[in-house]
> 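Let me begin by handing over the structure; questions about it come next.
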Amino acid sequence: MKQELQELLIQALQALISEGILESVPDNIRIDHSKDKSQGDFASNVAMVLSKQARCAPKDLAQKIVEKLTDATEIERVEVAGPGFINFFMSQGSNNQVLGDILAKGDQFGLSEFGKGQRILLEFVSANPTGPLHVGHGRGAAYGATVSNLLRAIGFEVDNEYYVNDAGRQMDILATSVYLRYCEVTVFPDNGYKGDYIFDIAKQVSNVERYDIAQDVCKDEKDGGDKEKHIDELIANCKRVLGSDYQKIFKLAIDSILSGIKIDLSEFGIEYQQWFSEQSLVDSGLSEKTVKALQKSGHIYEKEGALWFKTTDFGDDLDRVVVRDNGMHTYFASDIAYHLEKFNRGYDKVINIWGSDHHGYIARVKASISALGHNPEKLEILLVQFANLYRSGEKVAMSTRSGSFVTLEELRHEVGNDAARFFYVLRKSEQHMDFDLDLAKSKTNENPVFYIQYAHARIFSVLKQAKNMPIVEADLSLLTSNIEASLVKELNRYKDILQTSAVNYEPHILAYYLRDLAGEFHSYYNNSEFLVEDDVLRCTRLSLVQAVKQVIVNGLNVLGVSAPDSM
RNA sequence: GCGCUCGUAGCUCAGCUGGAUAGAGUGUUGGCCUCCGAAGCCAAAUGUCGGGUGUUCGAAUCACCUCGAGCGCACCA
């Protein structure tokens, strides 16, 4: 409907241009759903935007535009209001068309072809496999999965991907930590992974000799030494002493943790098309090749024994090291290779969802994409602020290494998947978020997700009771009350909401909409009776209510939240 | 010090590609179950939109300054 109105407006503007009143039609003419019923169904501010060009008062220009509008049966009347808004009042019949549309399309209602099948690679979570996911990762997981659903709903083809950092020093620290627990050492390195899950993995180790790998290593920090050096020497000893058994433990540790992460995400309703291994970039030599390609194109220089990538040529603050003086590739080097690999897979757009603490990393990644001859515009990086956890009014410190954190699994079991999914996306992703554990765990009724699910359950219950009553054709002209009109108006917004929510990567827009829709329904429920004697009236109201139910189901489905029939 | 993000009702947050009286949840106060699910509804009260200056017909929204909070500035990943 919005598009039809837009075309009508353009026609009117063109008529004014031919009369010499206006010079040109603006690119995008804004037509919004009015917030207030007294302001009609749609409003346009085009007259105010163009008043300068026309050199007359916005209100007068609006009047002139209105006079040029051709009649359309769907439009009941058009008004000029306020400082120069053009308000469109649609006929109730035209608004009601959406009901038939919803009931006919069912699960498909609201979907569009806006994305025209363009392919998007969406990478999210990608937490290091050094421990279970915690509640901070949960936010990225819920956000990423919902953005993915949204984009799919408006016609994009989206592949979800998890980048597994299974190479590098952190993994060695993990393996060594497991071995030390297996040996049941009494002194544990400051920099080792201390969580309980390390003990669980250690229990699975068998047929490996127990050596004292702490012999001859330098002092740990608590003894006045350097904790980084201490753990590096432990790792070196561990590798040397264990030989091939080291790989065994290494693999056990990562497999165990990664499979835990996969189960966790899958139970949270999140499916990935790809799990991309960092190690595979090393094995395939792509990391190596990428550095060579950069060298060839002249973006690399040597300084103090290391290879530096001149990212400052592409807008970064500092140049970055890609190969250290000890010959090791930095994480950045494999990350460049990874992004190159993503681009080579031929996606129309590559989206990364990162924790906001990585924002300083954006410039150098985009720089590397430019340097390798790709368009950095095709890479979009969305940042998610970490959630601050509060327990008993106090902020909870979180660190994977110290093992003091609340896992995503714990949270899911406490508050339920539905509440967790909804709660996470209810706030704008870049908004700092206070996650009050006590509130989320103990008073789950306050969570708005139940409000929406309750509306669905109520409708289900009503429809169930209507099952044995006669079914006749509905007469939509009987939907005359204010609340019915505003409920229909709300349903008419769904498609636009879905699109706005998706193109802006803002799931909270959909979440808020569903709560509003549920609110309208609850008002209606308390205000009117559905199971009335009159067959036509009953079936008419039930069809409205059924349409509401369908939209709630469709919307919750995008958010990854279930719509139970009873609760 | 430099950079990114944020600052809106007691609390948690929407609204931000400039638009009509700044909204919701929660909390507070008072009503509504002989009636389709009261996890609900209705009503009342609540704001220097952190502060300041500017841009203009119009600023919570844009620009600049300033104060406050979080995060990032490695030959770590």
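A quick note: this is a predicted structure, and the numbers were derived from the prediction, not measured. Note on naming: letters A, B, ... go to the chains in the order of the sequence lines (proteins, then strands), and numbering restarts at 1 for each one.
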> Without hydrogens or angle criteria, can the side chains of A:Tyr338 and A:Glu278 be said to hold a donor-acceptor pair below 3.5 Å?
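Looking only at side-chain atoms, A:Glu278 and A:Tyr338 do not form any donor-acceptor pair under 3.5 Å.
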
> Can you name the nearest heavy-atom pair linking A:Ile31 to A:Leu9, along with the distance?
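So the minimum-distance heavy-atom pair works out to CD1-CD1, 3.9 Å.
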
> Between B:rU56 and B:rA63, how far apart are the C1' atoms? Round to whole Å, please.
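Rounded to whole Å, the distance is 13 Å.
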
> Have A:Glu490 and A:Ser486 got a donor and an acceptor in their side chains that come within less than 3.5 Å?
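Judged by distance alone, the side chains do not pair up.
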
> Can you give me the N/O atom pairs linking the protein to nucleotides 19-27 of chain B at distances under 3.5 Å, or say none if there are none?
residue: B:rG19; atom: N7; partner: A:Asn45; partner atom: ND2; Å: 3.4
residue: B:rA20; atom: OP2; partner: A:Lys35; partner atom: NZ; Å: 3.0
residue: B:rA20; atom: N6; partner: A:Asn87; partner atom: OD1; Å: 3.1
residue: B:rA20; atom: N1; partner: A:Asn87; partner atom: OD1; Å: 3.4
residue: B:rA20; atom: N1; partner: A:Asn87; partner atom: ND2; Å: 3.1
residue: B:rU21; atom: O4; partner: A:Asp36; partner atom: OD2; Å: 3.4
residue: B:rA24; atom: O2'; partner: A:Arg515; partner atom: NH2; Å: 2.2

> Nearest heavy-atom pair of A:Gln385 and A:Ser356: which atoms, and what distance?
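Scanning both residues, the minimum pair turns out to be OE1-OG, 3.0 Å.
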
> Can you check the distance between B:rC75 and B:rU12, where both ends of the measurement are the C1' atom (answer in whole Å)?
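Each nucleotide's C1' atom is 44 Å from the other's.
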
> Rounded to whole angstrom, note down the C1' distance from B:rU26 over to B:rA39.
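Those two atoms are separated by 15 Å.
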
> Would you indicate what A:His359 reaches in the nucleic acid, counting non-hydrogen atoms under 4.0 angstrom: base, sugar-phosphate, or nothing?
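Base: the residue A:His359, judged by heavy atoms under 4.0 Å, touches a nucleobase.
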
> Regarding A:Lys303, tell me which of base, sugar-phosphate or nothing describes its non-hydrogen contacts under 4.0 Å with the strands shown.
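The residue A:Lys303 makes base contact.
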
> Starting from the 5' end of RNA chain B, give me the residue, A:Ile509 or A:Asp357, whose nearest nucleotide shows up first.
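With A:Ile509 and A:Asp357 compared, the 5'-side residue is A:Ile509.
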
> Rounded to the Å, how far apart are A:Lys229 NZ and B:rC76 P?
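Rounding to the nearest Å, NZ of A:Lys229 and P of B:rC76 are 15 Å apart.
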
> Would you kindly check if the NZ (Lys) or CZ (Arg) of A:Arg77 is within the cone defined by 45 degrees around the ring axis of A:Phe89 and under 6.0 Å from the six-membered ring centre?
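Cation-pi check for A:Arg77 and A:Phe89: passes.
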
> Please state the P separation for the pair B:rC6 and B:rC62 - nearest whole angstrom.
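Looking at atom P only, B:rC6 and B:rC62 are 10 Å apart.
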
> B:rG40 P sits how many Å from A:Ile452 CD1, rounded?
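Atom CD1 in A:Ile452 sits about 12 Å away from atom P in B:rG40.
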
> Would you kindly give the NZ-to-C1' distance between A:Lys428 and B:rU12, to the nearest whole Å?
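One finds 15 Å between C1' of B:rU12 and NZ of A:Lys428, rounded.
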
> Determine whether the aromatic ring centres of residues A:Tyr505 and A:Tyr143 are separated by less than 6.0 angstrom.
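They do not qualify: ring centres at least 6.0 Å apart.
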
> In what stems does RNA chain B take part, counting only runs of at least 3 consecutive Watson-Crick or G-U pairs whose two distances fall under 3.5 Å?
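Result, WC/G-U stems under 3.5 Å: B:1-7 with B:67-73, B:10-13 with B:23-26, B:28-32 with B:40-44, B:50-54 with B:62-66.
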
> If anything within 90° of 0 is syn and all else is anti, what is B:rC4?
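This nucleotide is in anti.
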
> Give me the distance, rounded to whole Å, that separates B:rA74 from B:rG3 when you measure between the P atoms they each carry.
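Between the two P atoms, the distance is 16 Å.
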
> Please report the closest heavy-atom contact between A:His137 and A:Leu133, naming both atoms and the distance.
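The answer is ND1-CA, 3.5 Å.
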
> Establish, with yes or no, whether the OP1 or OP2 oxygen of B:rG15 is under 4.0 angstrom from a side-chain nitrogen or oxygen of A:Arg427.
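For A:Arg427, the contact criterion (side-chain N or O under 4.0 Å from OP1 or OP2 of B:rG15) is not met.
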
> Quick one: is B:rA74 close enough that its OP1 or OP2 comes under 4.0 Å of any side-chain N or O from A:Thr330?
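It does not, given that no N or O in the side chain of A:Thr330 lies less than 4.0 Å from OP1 or OP2 of B:rA74.
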
> What interatomic distance, in whole Å, is found between P of B:rA24 and the corresponding atom of B:rC42?
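Nearest-Å result for B:rC42 against B:rA24 at atom P: 11 Å.
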
> So, A:Glu123 and A:Lys342, do they make that salt bridge, N to O below 4.0 Å?
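Salt bridge between A:Glu123 and A:Lys342, a charged N being under 4.0 Å from a carboxylate O: yes.
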
> For B:rU29 and B:rU5, measure between their C1' atoms and round to the nearest Å.
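It comes out at 39 Å once rounded to the nearest Å.
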
> Whole-Å distance between B:rG15 P and A:Tyr513 OH?
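So the OH-P distance, A:Tyr513 to B:rG15, works out to 17 Å.
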
> Below 3.5 Å is the cut-off: list the nitrogen or oxygen pairs between protein and nucleotides 35-38 of chain B, distance only.
residue: B:rC36; atom: O3'; partner: A:Gln465; partner atom: OE1; Å: 3.3
residue: B:rC36; atom: O3'; partner: A:Gln465; partner atom: NE2; Å: 3.4
residue: B:rC36; atom: O2'; partner: A:Gln465; partner atom: OE1; Å: 3.4
residue: B:rC36; atom: O2'; partner: A:Gln465; partner atom: NE2; Å: 3.1
residue: B:rC36; atom: O2; partner: A:Phe530; partner atom: N; Å: 3.3
residue: B:rC36; atom: O2; partner: A:Leu531; partner atom: N; Å: 3.2
residue: B:rC36; atom: N3; partner: A:Phe530; partner atom: N; Å: 3.2
residue: B:rC36; atom: N4; partner: A:Tyr525; partner atom: O; Å: 2.4
residue: B:rC36; atom: N4; partner: A:Ser528; partner atom: O; Å: 2.1
residue: B:rG37; atom: OP1; partner: A:Ser461; partner atom: OG; Å: 3.0
residue: B:rG37; atom: OP1; partner: A:Gln465; partner atom: NE2; Å: 3.0
residue: B:rG37; atom: OP2; partner: A:Ser461; partner atom: OG; Å: 3.2
residue: B:rG37; atom: OP2; partner: A:Gln465; partner atom: NE2; Å: 2.9
residue: B:rG37; atom: O2'; partner: A:Tyr454; partner atom: OH; Å: 2.4
residue: B:rG37; atom: O2'; partner: A:Arg458; partner atom: NE; Å: 3.0
residue: B:rG37; atom: N7; partner: A:Ser461; partner atom: OG; Å: 3.4
residue: B:rG37; atom: N2; partner: A:Met567; partner atom: O; Å: 3.4
residue: B:rA38; atom: OP2; partner: A:Arg458; partner atom: NH2; Å: 2.5

> Taking all non-hydrogen atoms of both residues, which atom of A:Asn165 and which atom of A:Pro129 are closest, and how far apart?
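Minimum heavy-atom separation between A:Asn165 and A:Pro129: O-CD, 3.4 Å.
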
> Side chain of A:Thr311, backbone of A:Asp316: donor and acceptor closer than 3.5 Å?
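Pair absent, no side-chain N/O of A:Thr311 close to backbone of A:Asp316.
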
> Whole-Å distance between B:rA77 P and A:Ile336 CD1?
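It is 13 Å, rounded to the nearest whole Å.
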
> When you check the side-chain N and O atoms of A:Asn352 and A:Tyr163, is any donor under 3.5 Å from an acceptor?
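Short answer, no.
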
> Expressed in angstrom and rounded to an integer, what is the separation of A:Leu514 atom CG from B:rA14 atom P?
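Whole-Å distance recorded here is 17 Å.
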
> Establish whether the base of B:rC76 is bridged to the side chain of A:Gln170 by a donor-acceptor pair shorter than 3.5 Å.
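Answer is no: no donor-acceptor pair is held.
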
> Any idea which heavy atoms bring A:Leu510 and A:Ser501 closest together, and the distance?
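Distance-wise, the nearest heavy atoms are N-OG, 3.6 Å.
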
> With sugar-phosphate meaning primed atoms plus P, OP1 and OP2, does A:Gln453 contact a base, only sugar-phosphate, or nothing at under 4.0 Å between heavy atoms?
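Nothing, no heavy atom under 4.0 Å.
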
> Take atom CG of A:Asn128 and atom C1' of B:rC76, then tell me their distance rounded to the nearest Å.
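Taking atom C1' of B:rC76 as the reference, CG of A:Asn128 is at 11 Å.
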
> Please give, in whole Å, the distance from B:rU5 C1' to A:Glu430 CD?
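Roughly 8 Å, once rounded to whole Å.
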
> Compare every heavy atom of A:Leu542 with every heavy atom of A:Ala466, then report the nearest pair and how far apart it is.
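So the two residues come closest at CB-CD1, 3.5 Å.
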
> Could you tell me how far B:rG52 sits from B:rU8 if I compare only their P atoms? Round to whole Å.
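Those two atoms are separated by 15 Å.
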
